[in-house]
Amino acid sequence: MPQRDDIALDATDRALINALQGGFPLCDEPYRAVGESLGLSESEVIARLAALLERRVLTRFGPLYQIEKLGGAFVLAALKVPEERFDEVAAAVNALPEVAHNYRREHAFNMWFVLATETPEGIAAAIEKIESDTGLTVFAFPKEREYFVELKLDAG
């Protein structure tokens with residue numbers, strides 16, 4: 001977790017974060033196009049973005065895909081993990097490359113994560129592996145409908 005001093009942003013960082021939230025140019029040199037809109041060079045945009053990621057001000061920068069359109073699959077999943085086994089089970093679950101966004105909840109289903117695989121069949125295989133490794137039942141909640149919220153956070 002970054003410390004307060006580590007997340008101090010100057011006006012250019014704030015403008016860059018705001019510019020990268022939606023409308024990223026689809027062209028041969030997108031970083032150059034973003035830089036031109038902010039009065040920066042392409043290399044300055046890339047360096048500032050890398051620094052923001054390294055400092056964990058940003059945890060991720062990249063496209064979002066509708067994985068089903070590419071032939072893959074994902075599912076939201078949950079486990080009921082005995083508290084005394086939580087760290088052990090989290091380590092086993094997180095060891096799978098198909099797992100993302102694993103987090104704790106204050107609920108009977110106290111571990112939630114996303115499974116993403118290259119094929120729909122991969123979901124069943126990942127669930128079987130987690131159940132075999134942990135001895136716990138995975139509850140899968142496949143997406144029924146997709147919503148586009150388009151949340152944007154103003155960096156100032």
Side-chain angles (χ1 to χ4, degrees), residues 1-81 83 86-87 89-120 122-123 126-127 130 138-156:
M1 181 69 102
Q3 300 299 313
R4 182 124 184 102
D5 291 342
D6 294 338
I7 61 171
L9 303 173
D10 65 18
T12 304
D13 286 338
R14 293 177 192 279
L16 179 59
I17 290 170
N18 289 337
L20 295 176
Q21 295 184 67
F24 192 74
L26 297 177
C27 62
D28 290 341
E29 298 177 294
Y31 296 103
R32 180 180 305 276
V34 169
E36 288 174 0
S37 72
L38 299 173
L40 301 170
S41 70
E42 178 182 39
S43 62
E44 286 175 293
V45 169
I46 292 170
R48 281 184 177 268
L49 180 57
L52 291 168
L53 290 165
E54 184 173 316
R55 291 169 43 207
R56 308 263 318 144
V57 172
L58 303 178
T59 56
R60 181 183 183 279
F61 175 73
L64 294 175
Y65 300 102
Q66 287 184 291
I67 196 165
E68 297 92 346
K69 290 187 177 182
L70 298 173
F74 71 93
V75 68
L76 179 64
L79 287 169
K80 295 178 179 177
V81 182
E83 191 58 37
F86 197 90
D87 290 343
V89 172
V93 169
N94 291 340
L96 273 72
E98 298 89 349
V99 173
H101 308 298
N102 188 353
Y103 58 97
R104 180 191 291 252
R105 300 274 321 254
E106 299 295 327
H107 188 271
F109 293 105
N110 57 350
M111 183 180 293
W112 289 79
F113 50 94
V114 173
L115 293 172
T117 60
E118 293 182 14
T119 65
I123 295 294
I127 288 173
I130 291 169
V138 174
F139 295 85
F141 303 95
K143 177 175 66 177
E144 294 181 359
R145 186 172 178 184
E146 188 155 334
Y147 297 91
F148 293 92
V149 177
E150 198 169 343
L151 172 67
K152 295 179 181 177
L153 303 173
D154 185 3

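Values below: every heavy atom of this structure, side chains too, minus hydrogens, waters and symmetry copies.
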Inset, instruction - Check whether more than 12 heavy atoms from other residues, nucleotides or ligands sit under 6.0 Å from atom CD of Glu54, and answer yes or no. - result: no
Legend entry - Spacing of Leu20 atom CG and Leu52 atom CG [to the nearest 0.5 Å]: 8.5 Å
Legend entry - Expected output: side-chain Thr59 to main-chain Arg56 donor-acceptor under 3.5 Å: no
Inset, instruction - Kindly give the heavy-atom pair with the smallest separation between Gly71 and Pro120, and that separation in Å. - result: O-CD, 3.5 Å
Inset, instruction - Determine whether more than 12 heavy atoms belonging to other residues, nucleotides or ligands lie under 6.0 Å from atom CG of Leu26. - result: no
Inset, instruction - Measure the acute angle between the ring planes of Phe109 and Trp112, then classify it against the limits of 30° and 60° as parallel, tilted or perpendicular. - result: perpendicular
Legend entry - Closest non-hydrogen atom pair, Tyr31 against Ile46: CG-CG1, 3.8 Å
Inset, instruction - List the steps, then state whether side-chain contact (heavy atoms from CB on, under 4.5 Å) holds for Glu68 with Phe74. - result: CA-CA 8 Å; Glu68 297 92 346; Phe74 71 93; 3.6 Å; yes
Inset, instruction - Kindly check if the number of other-residue, nucleotide or ligand heavy atoms within 6.0 Å of CZ (Arg145) is above 12? - result: no
Inset, instruction - Could you pull out the closest heavy-atom pair between Ala77 and Phe141, with the gap in Å? - result: CA-CD1, 4.5 Å
Inset, instruction - Please round to the nearest 0.5 Å and tell me the distance separating atom CD1 of Ile17 and atom OG1 of Thr12. - result: 11.0 Å
Legend entry - Ala155 to Asn18 - nearest heavy-atom pair and separation: N-OD1, 2.8 Å
Legend entry - Interatomic distance, Asp13 atom CG to Leu49 atom CG [nearest 0.5 angstrom]: 10.0 Å
Inset, instruction - Using a 4.5 Å cut-off on heavy atoms from C-beta on, say whether the side chain of Arg55 contacts that of Leu9. - result: yes
Legend entry - Point-to-point distance, once rounded to the nearest 0.5 Å, from CE of Met111 to CZ of Arg104: 7.5 Å
Legend entry - Check: Asn102 side chain, Phe113 main-chain N or O, donor-acceptor pair, under 3.5 Å: no
Legend entry - Interatomic spacing from CD1 in Ile127 to CD in Glu98 - rounded to 0.5 Å: 11.0 Å
Inset, instruction - Without swapping roles, check the side chain of Gln21 against the backbone of Leu153 for a donor-acceptor pair under 3.5 Å. - result: yes
Legend entry - Closest non-hydrogen atom pair, Arg14 against Gly156: CB-O, 4.0 Å
Inset, instruction - Please assess Glu44 against Leu16 for the test side-chain contact (heavy atoms from CB on, under 4.5 Å), listing each intermediate value before the final yes or no. - result: CA-CA 10 Å; Glu44 286 175 293; Leu16 179 59; over 6 Å; no
Legend entry - Residues Asn110, Glu83; criterion side-chain contact (heavy atoms from CB on, under 4.5 Å); working and verdict: CA-CA 9 Å; Asn110 57 350; Glu83 191 58 37; 4.1 Å; yes
Legend entry - Nearest atoms (heavy-atom pairs only) where Leu115 meets Ile123: O-CD1, 3.6 Å
Legend entry - Atom CG of Asp28 with >12 non-hydrogen neighbours under 6.0 angstrom: no
Legend entry - Inter-residue atom distance Ser37.OG - Arg32.CZ, 0.5 Å rounding: 13.0 Å
